[in-house]
Amino acid sequence: MDARFIISSGLIELYTAGLVSDIEGRELEAAMQQFPEVAEAVATCQRNLEEYVKLQSVSPPESIKIRLLNLINTDPLIQGTATTADNLQFTKTSPMEQTNVLSVPETKGVSWKWIAAAAAVLLIGSVILNFFYFNRWKEFREYKDKYQSLLLSQNSIISKTNEYKTRLEQLQESMQVMEDPKVMKVTMPGTASFPTAIATVFWNRDNQQVYLKVNNLPEPAADKQYQLWAIVDGKPVDMGVFEMGDTASLLQKMKITGKAQMFAVTLEKKGGAVSPTMEQMYVAGKIPG
Amino acid sequence: MGTTLSYTEIELIQGLQARDEKLFSYLYDHYSPALYGVALKIVTDDASAGDVLQEVFIKIWKNIDRYDPSKGRLFTWMLNIARNTAIDSLRSKAHKLDQKVQDVTSANLMYEPQLAVHLSVDHLGLTKVIEGLPKDQRVIIDLAYFKGCTQEEIAKTLDIPLGTVKTRMRNAIMQLRILLKQL
């Protein structure tokens, strides 16, 4: 193709009006590089069209200019330089080149990008905070578990302490009774049938209060209970039933009696009997003197 | 260019790149009629054309750094922005391709100069060109330049063979050149 052929072919006019395909456009641009007269013809053609455009100038309303000057002064999105690549870039000299390209209006493009950027920043911030708080929450959960187990052990310690306190008080009480010089100690050894059994009675002769200490008695069946008797002038007098188990290690308060020659323990039905079952006598002891 | 500039194009570009509001104002005063004329030709109603014009100048203000003088004159660049913005605006208003072609065929009215409504910058020149340019030549330029139609769309719209588009466009622009020289 020589320059004159190109100039007379009508291709330049089509190109200037934006009517050529990409391939034709590139071919013509190559020719423009090669032949100055082709480039000149394209430039002339472009000027003709632009002059035609200028002839159709219309003065816009004054309000648009005022609005524009206001916009470029106040809108931060407009004041900054655009960051988006769009249809504004000159890629070819043809003025028609990009008319068929649908482009997003610039202002919208930028504002959307701002929104997207802000959203991304918020999202990242949220993820970081989530991570942070999730860890905090995990820690908290661990602490909560620890706290609860501590609370539990604290409670059990308190109840144990209370238990010990009670026990200590009971023991102190027992000690007081045993140490009291007015209290008489009556040891009751096992009978012939129960030789290993042994129990002790503490008897305050001042206030007539009788206490019992189990030294060794077998655990009775669930429906049975041991009962203490005082033998007063040859007759058995009920001194009450007593507990076994943990309580057995303590001094147990029984009934009162002003007179007695002997104490004995029999195994009776739960709640006690009116008169002792002699075959079930475990221990018995005479009052000395 | 009918107006005498007191700034050279390079001064103007540098001033805009420096975000000089005074030069922006100057640019607006000198180019807005031409760009508004383009917008009006494309979107055909005053309100839309005003919106387009505003958007065009905001784009110019924001993107002046991207303007490359080696690839064309400032006016050509601005004209492209105006045309693209106006055509986009037209299309975004549900003007699908079919409808666009229909509009063009049915409403030849829009190719008539809008002298009656607007004060043209140079109506004498325009009148001469309009009078001297046969209607079919004027329509083919307008379809391509202001409506962004393809060769195929033009051929279909004007009901002429595809090959004729090329020769008619060449004749139209040559005729235009002769008329412009007489001004």
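Proteins get letters first, then strands, A, B, ... in listed order; numbering begins at 1 in each. Since the model is a prediction, treat every value here as computed from it, not as a measurement.
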Whatever's closer than 4.5 Å to a heavy atom in chain B on S63(A) counts as neither

Regarding D65(B) and R19(B), does a basic nitrogen lie under 4.0 Å from an acidic carboxylate oxygen? yes

Of the listed residues (I64(A), N48(A), I12(A)), which shares the most heavy-atom pairs with chain B below a 4.5 Å separation? N48(A)

Please check if the number of heavy atoms outside L151(A) that lie under 6.0 Å from its CG is greater than 12. yes

Can you tell which part of N171(B) gets under 4.5 Å to a heavy atom of chain A, answering side chain, backbone, both or neither? neither

Toward chain A, the part of L35(B) with a non-hydrogen atom under 4.5 Å: neither

With only heavy atoms counted, which part of I66(A) is less than 4.5 Å from chain B, the side chain, the backbone, both or neither? neither

With chain A, which of Q151(B), E152(B), K181(B), Q54(B) has the greatest number of heavy-atom pairs at distances under 4.5 Å? Q54(B)

Pair R73(B) + E50(A): basic N to acidic O under 4.0 Å: yes

Give a yes or no on whether a salt bridge exists between D246(A) and R167(A), defined as a side-chain N under 4.0 angstrom from a carboxylate O. no

Against chain A, label I64(B) side chain, backbone, both or neither, depending on which of its atoms sit under 4.5 Å from a heavy atom there. neither

Taking side chain as C-beta onward, heavy atoms only, is I178(B) less than 4.5 Å from Q182(B)? yes

Charged N-O contact under 4.0 Å between D142(B) and K147(B): no

So for atom CD, which belongs to Q33(A), do other residues, nucleotides or ligands contribute more than 12 heavy atoms lying within a distance under 6.0 Å? no

Ranking P60(A), G10(A), A43(A) by heavy-atom pairs under 4.5 Å to chain B gives rank one to P60(A)

So, the part of S32(B) with a heavy atom under 4.5 Å from chain A: the answer is both

